[in-house]
Each structure stands twice: as structure tokens, then as C-alpha cells.
Amino acid sequence: MHVHKQLKASDVFDIVVKIPEGKVTTYGDIAKILGHPGASRAIGRILNSNPNPIVVPCHRVVMSNGNIGGYAFGKTRKKELLKKEGLHFMRDDMHDFAGCRTNLAKLR
DNA sequence: GCCATGGCTAGTA
DNA sequence: GCCATGGCTAGTA
């Protein structure tokens with residue numbers, strides 16, 4: 001009982017590769033679209049094990065409140081990468097978070 | 001038991 | 001600030 005299918009890391013990475021440059025999504029949004037609404041923290045753990053940060057842009061995944069969130073190479077690096085894509089921050093919070101948030105359901 | 005989160009409550013200013 | 005959540009790892013027996 002209470003046996004549900006487990007989150008697959010490859011499913012998470014498959015979504016993250018599709019986030020366009022200059023756009024972001026959240027740990028929670030990825031969790032929801034995969035049918036695991038409570039698994040946002042698990043998403044972060046999976047991203048932390050990203051085997052290929054070059055092709056999988058996990059720096060584009062941030063917290064649901066617009067805060068930068070974590071990054072395996074430090075949030076400073078994560079912010080730099082996002083700034084290079086034209087995004088802006090005040091301290092660790094994104095400017096116009098709503099405006100640069102991508103709709104995962106529409107990605108292809 | 002840790003942790004790259006999130007949603008909710010209490011209760012300060 | 002608290003705590004539920006879910007996947008993972010270290011490391012005890």
C-alpha cells in the first residue's frame with residue numbers, strides 16, 4: 001500500500017533541457033507537471049546530481065517565491081549565469097519573476 | 001538524517 | 001519559523 005511510482009531523474013532533466021534561455025521555472029512546477037506535487041525538494045536533490053550541467057540548464061530552476069534557490073556550484077555562479085541571459089536580481093530575489101517564468105505545459 | 005522546497009501559521013510593527 | 005515531503009547517503013550491526 002501507499003506505493004506510488006517514483007520520480008525519475010531522467011524525466012526531470014527532460015523538462016529542464018527545454019527551458020528557454022532567459023526563462024525560469026520552479027522546483028514545485030516541475031514536481032507538479034510530473035504528477036508529484038509534494039516533491040519539490042526531491043526535484044532539487046535530483047538537479048544537484050545533474051551529470052551534465054552544460055546541456056541541462058538547471059540554473060534556470062528557482063524557488064517558488066522568486067528567490068534564486070540553490071546550485072551545486074554556488075548561488076553566485078547561478079546568478080551570474082542568469083544575469084548573462086538578461087535576468088535581473090535584487091540580492092537573491094528575481095526582478096519580474098512572473099514575467100520570466102515559463103509555462104512548462106507549453107514547452108516542446 | 002540530510003537537503004538546490006513550499007505552504008501555512010503566528011504574531012511583530 | 002515550523003514541518004511535511006521524497007530521494008539519497010553514510011555507515012551501524
Side-chain angles (χ1 to χ4, degrees):
Chain A
M1 54 163 117
H2 288 292
V3 130
H4 294 103
K5 217 195 288 190
Q6 205 176 254
L7 213 41
K8 276 178 60 185
S10 58
D11 290 341
V12 174
F13 295 131
D14 284 349
I15 290 173
V16 175
V17 280
K18 296 177 187 159
I19 307 170
E21 198 177 307
K23 290 283 184 182
V24 296
T25 190
T26 70
Y27 303 97
D29 285 351
I30 295 175
K32 281 177 212 153
I33 208 168
L34 289 179
H36 294 250
S40 47
R41 194 149 191 182
I43 300 290
R45 293 193 55 80
I46 288 168
L47 294 182
N48 186 43
S49 71
N50 181 359
N52 202 342
I54 312 279
V55 331
V56 181
C58 57
H59 62 281
R60 297 184 189 140
V61 184
V62 301
M63 294 211 260
S64 63
N65 61 3
N67 189 271
I68 180 82
Y71 194 55
F73 306 101
K75 6 178 108 179
T76 304
R77 180 77 185 121
K78 185 171 182 177
K79 252 192 284 187
E80 282 172 4
L81 290 168
L82 290 173
K83 282 180 186 170
K84 257 193 277 189
E85 302 186 1
L87 302 183
H88 300 279
F89 291 84
M90 165 171 268
R91 299 284 255 161
D92 280 347
D93 295 311
M94 301 197 57
H95 274 335
D96 190 24
F97 176 45
C100 59
R101 208 167 165 173
T102 211
N103 181 344
L104 293 185
K106 290 186 183 168
L107 289 188
R108 73 185 107 58

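Just so it is clear: chains get the letters A, B, ... in the order the sequence lines come, proteins before strands, and each one is counted from 1.
- Looking at Phe13(A) and Asn52(A), their side chains never come closer than 4.5 Å, going by heavy atoms from C-beta outward.
- Although no hydrogens or angles enter the test, the distance criterion places a donor-acceptor pair under 3.5 Å between the side chain of Lys78(A) and the main chain of Val61(A).
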Show, in sequence, the C-alpha distance, side-chain angles and deciding distance for Ile15(A) and Leu34(A), and conclude whether the side chain to side chain contact (heavy atoms under 4.5 Å, CB included) test is met. CA-CA 9 Å; Ile15(A) 290 173; Leu34(A) 289 179; 3.6 Å; yes
Annotated protein contacts, base or backbone, on nucleotides 6-13 of chain B with a non-hydrogen cut-off under 4.0 Å, one of B, S, - each: SS------
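- Counting heavy atoms from C-beta outward, Asp92(A) and Lys79(A) have side chains that approach closer than 4.5 Å.
- Contact of the Met94(A) side chain with the Ile68(A) side chain is not registered, since no non-hydrogen atoms from C-beta on lie closer than 4.5 Å.
- Residues from residues 68-89 of chain A lying near DNA chain B, meaning a heavy-atom separation below 4.0 Å, are Gly70(A), Tyr71(A), Ala72(A) in numerical order.
- If you check residues 46-56 of chain A against DNA chain B, the residues with a heavy atom closer than 4.0 Å are Leu47(A), Asn48(A), listed by number.
- Every residue two or more places apart in sequence or in another chain that forms a salt bridge (charged side-chain N to carboxylate O under 4.0 Å, His left out) with Arg101(A) is listed here: Asp29(A).
- Sorted by first then second residue, the ring pair (Phe, Tyr, Trp, His ring centres under 6.0 Å) pairs that include residues 74-108 of chain A, not counting sequence neighbours, number zero.
- Ion pairing between Glu80(A) and Arg77(A) holds under the 4.0 Å rule for side-chain N and carboxylate O.
- Within residues 7-24 of chain A, no residue has any heavy atom closer than 4.0 Å to DNA chain B.
- The ring pair (Phe, Tyr, Trp, His ring centres under 6.0 Å) pairs that include a residue from residues 55-80 of chain A are Tyr71(A)-Phe73(A), where partners are two or more places apart or lie in different chains.
- Remark: Asn65(A) engages Met63(A), Asn67(A) in a side chain to side chain contact (heavy atoms under 4.5 Å, CB included) (not counting sequence neighbours).
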Under the rule of Watson-Crick or G-U wobble with both distances under 3.5 Å, where | means paired to another strand and [ ] a crossing pair, DNA chain B maps to |||.||||.....
List the steps and the verdict of side chain to side chain contact (heavy atoms under 4.5 Å, CB included) for Ile33(A) and Thr25(A). CA-CA 11 Å; Ile33(A) 208 168; Thr25(A) 190; over 6 Å; no
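- Remark: Pro20(A) pairs with Lys23(A), Thr102(A), Leu107(A) by the side chain to side chain contact (heavy atoms under 4.5 Å, CB included) rule, at least two apart or across chains.
- Asn103(A) is linked by a side chain to side chain contact (heavy atoms under 4.5 Å, CB included) to Ala105(A), Lys106(A), counting only residues two or more places apart in sequence or in another chain.
- Remark: Asp11(A) engages no residue in a side-chain hydrogen bond (donor to acceptor under 3.5 Å, both in side chains) (not counting sequence neighbours).
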